[in-house]
Amino acid sequence: MATVGHLFLILFFTLHLLVQARLNLQTTDHEALLAIHNNLGITTGSTSICNAAGIFCEPRISNNTTVLRVTRIFFKHRRLRGSISPAIGKLSELKELSLPNNHLVIQIPVQITNCRKLEVLNLKEQ
């Protein structure tokens with residue numbers, strides 16, 4: 001039998017999920033992702049860019065507001081062509097950029113040095 005404590009926890013987590021579902025992607029991240037998609041020949045659909053396959057976003061606090069930030073980009077075997085946009089440097093929360101097994105011009109823009117949290121850079125071709 002559910003106790004008042006259990007009901008409170010369920011309500012709390014439900015509200016937490018609802019709040020996270022309504023978070024917006026930070027404007028600079030959104031603009032950067034659009035440029036990156038454009039350079040790689042990816043068409044952006046009508047869905048939220050954080051819900052797109054291969055894009056991972058996490059909530060962060062910015063100016064006392066919680067926003068979504070891009071933390072991982074993973075496009076494996078997508079037959080992408082093009083190059084990495086210099087806009088990659090605007091993704092300051094990016095931890096992983098994995099674009100293995102595509103047909104890219106591997107020219108890493110110097111702006112990637114602005115991604116200070118970058119831990120994984122995978123551009124391997126097979």
Side-chain angles (χ1 to χ4, degrees):
M1 185 167 159
T3 65
V4 174
H6 289 112
L7 292 174
F8 176 75
L9 283 174
I10 291 170
L11 178 63
F12 173 77
F13 285 117
T14 302
L15 288 174
H16 180 71
L17 290 173
L18 285 172
V19 168
Q20 279 197 329
R22 295 179 186 262
L23 293 177
N24 291 321
L25 182 62
Q26 185 167 354
T27 304
T28 55
D29 283 18
H30 186 262
E31 292 168 357
L33 275 178
L34 290 177
I36 291 164
H37 277 142
N38 188 46
N39 268 34
L40 297 175
I42 300 171
T43 55
T44 305
S46 60
T47 62
S48 168
I49 207 159
C50 281
N51 292 330
I55 302 291
F56 300 89
C57 302
E58 295 177 12
R60 298 285 191 268
I61 296 176
S62 175
N63 298 325
N64 294 325
T65 304
T66 304
V67 295
L68 290 174
R69 300 295 308 271
V70 176
T71 56
R72 298 184 192 286
I73 299 175
F74 188 83
F75 296 144
K76 182 178 182 179
H77 295 293
R78 297 273 300 263
R79 296 183 181 149
L80 301 176
R81 298 193 179 276
S83 61
I84 301 169
S85 169
I88 195 76
K90 293 181 182 177
L91 300 177
S92 61
E93 294 291 321
L94 190 67
K95 296 178 194 175
E96 177 179 2
L97 177 62
S98 292
L99 307 171
N101 304 314
N102 285 290
H103 307 285
L104 302 176
V105 175
I106 304 299
Q107 188 173 13
I108 302 171
V110 68
Q111 290 86 347
I112 202 164
T113 59
N114 294 330
C115 301
R116 304 222 183 260
K117 296 184 179 183
L118 190 65
E119 299 170 353
V120 176
L121 178 60
N122 182 359
L123 306 174
K124 183 178 177 182
E125 293 289 328
Q126 287 187 353

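Here the structure is a predicted model, which is why all the values come from computation and not from measurement. Every heavy atom of this structure was used, including side-chain atoms; hydrogens, water molecules and symmetry mates were not.
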Checklist entry - Going by heavy atoms in the side chains, are Leu91 and Leu118 under 4.5 Å from each other? => result no

Item to check | Main-chain N/O of Pro100 paired with Asn102 side-chain donor or acceptor, under 3.5 Å | outcome: yes

Next on the checklist: I need the minimum non-hydrogen distance between Gln26 and Val67, along with the two atoms involved.
Outcome noted: OE1-CG2, 4.1 Å

Item to check | Euclidean distance, Asn101 CG relative to Arg78 CZ, rounded to 0.5 Å | outcome: 13.0 Å

Next on the checklist: Looking at Leu123, I'd like to know if its CG atom is crowded, meaning that more than 12 non-hydrogen atoms belonging to other residues, nucleotides or ligands lie closer than 6.0 Å.
Outcome noted: yes

Checklist entry - Got a second to check how far Thr71's OG1 is from Leu97's CG, nearest 0.5 Å? => result 12.0 Å

Item to check | Single-linkage hydrophobic cluster, 4.5 Å side-chain cutoff, Ile112 and Ile84 together | outcome: yes

Item to check | Test side chain to side chain contact (heavy atoms under 4.5 Å, CB included) applied to Ile49 and Asp29, step by step | outcome: CA-CA 10 Å; Ile49 207 159; Asp29 283 18; over 6 Å; no

Next on the checklist: Under the criterion side chain to side chain contact (heavy atoms under 4.5 Å, CB included), I'd like the reasoning laid out for Ser98 against Val120: C-alpha separation, chi angles, the key distance, then a yes or no.
Outcome noted: CA-CA 7 Å; Ser98 292; Val120 176; 3.9 Å; yes

Checklist entry - Under a single-linkage definition using a 4.5 Å side-chain heavy-atom cutoff for Ile, Leu, Val, Met, Phe, Trp and Tyr, are Ile88 and Leu34 assigned to the same hydrophobic cluster? => result yes

Checklist outcome for this item: Minimal heavy-atom distance between Pro86 and Pro109, with the atoms involved, is CA-CB, 3.9 Å

Item to check | Donor-acceptor under 3.5 Å (Ser83 side chain, Val105 main chain) | outcome: no

Checklist outcome for this item: Value for CZ (Arg60) from OG (Ser92), rounded to nearest 0.5 Å, stands at 9.5 Å

Checklist entry - Step by step, would you call Leu104 with Leu40 a side chain to side chain contact (heavy atoms under 4.5 Å, CB included)? => result CA-CA 8 Å; Leu104 302 176; Leu40 297 175; 3.5 Å; yes

Item to check | Hphob cluster co-occupancy, Leu80 + Leu94, side-chain heavy atoms under 4.5 angstrom | outcome: yes

Item to check | Between CG on residue Leu121 and SG on residue Cys115, distance to nearest 0.5 Å | outcome: 9.5 Å

Checklist outcome for this item: Rounding to 0.5 Å, atoms CG (Leu99) and CD1 (Ile73) come to a distance of 7.5 Å

Item to check | Residues in disulfide bond (SG atoms under 2.5 Å apart) contact with Cys57, at least two apart in sequence or another chain | outcome: Cys50

Item to check | Which atom of Leu33 lies closest to which atom of Ile55, heavy atoms considered | outcome: CD2-CD1, 3.8 Å

Checklist outcome for this item: Rounded to the nearest 0.5 Å, the OG1 atom of Thr28 sits from the NE2 atom of His30 at a distance of 11.0 Å

Item to check | Lys117 vs Arg69 side-chain heavy atoms within contact, under 4.5 Å | outcome: no

Checklist entry - So, do Leu25 and Ser48 sit near enough that their side-chain heavy atoms are less than 4.5 Å apart? => result no

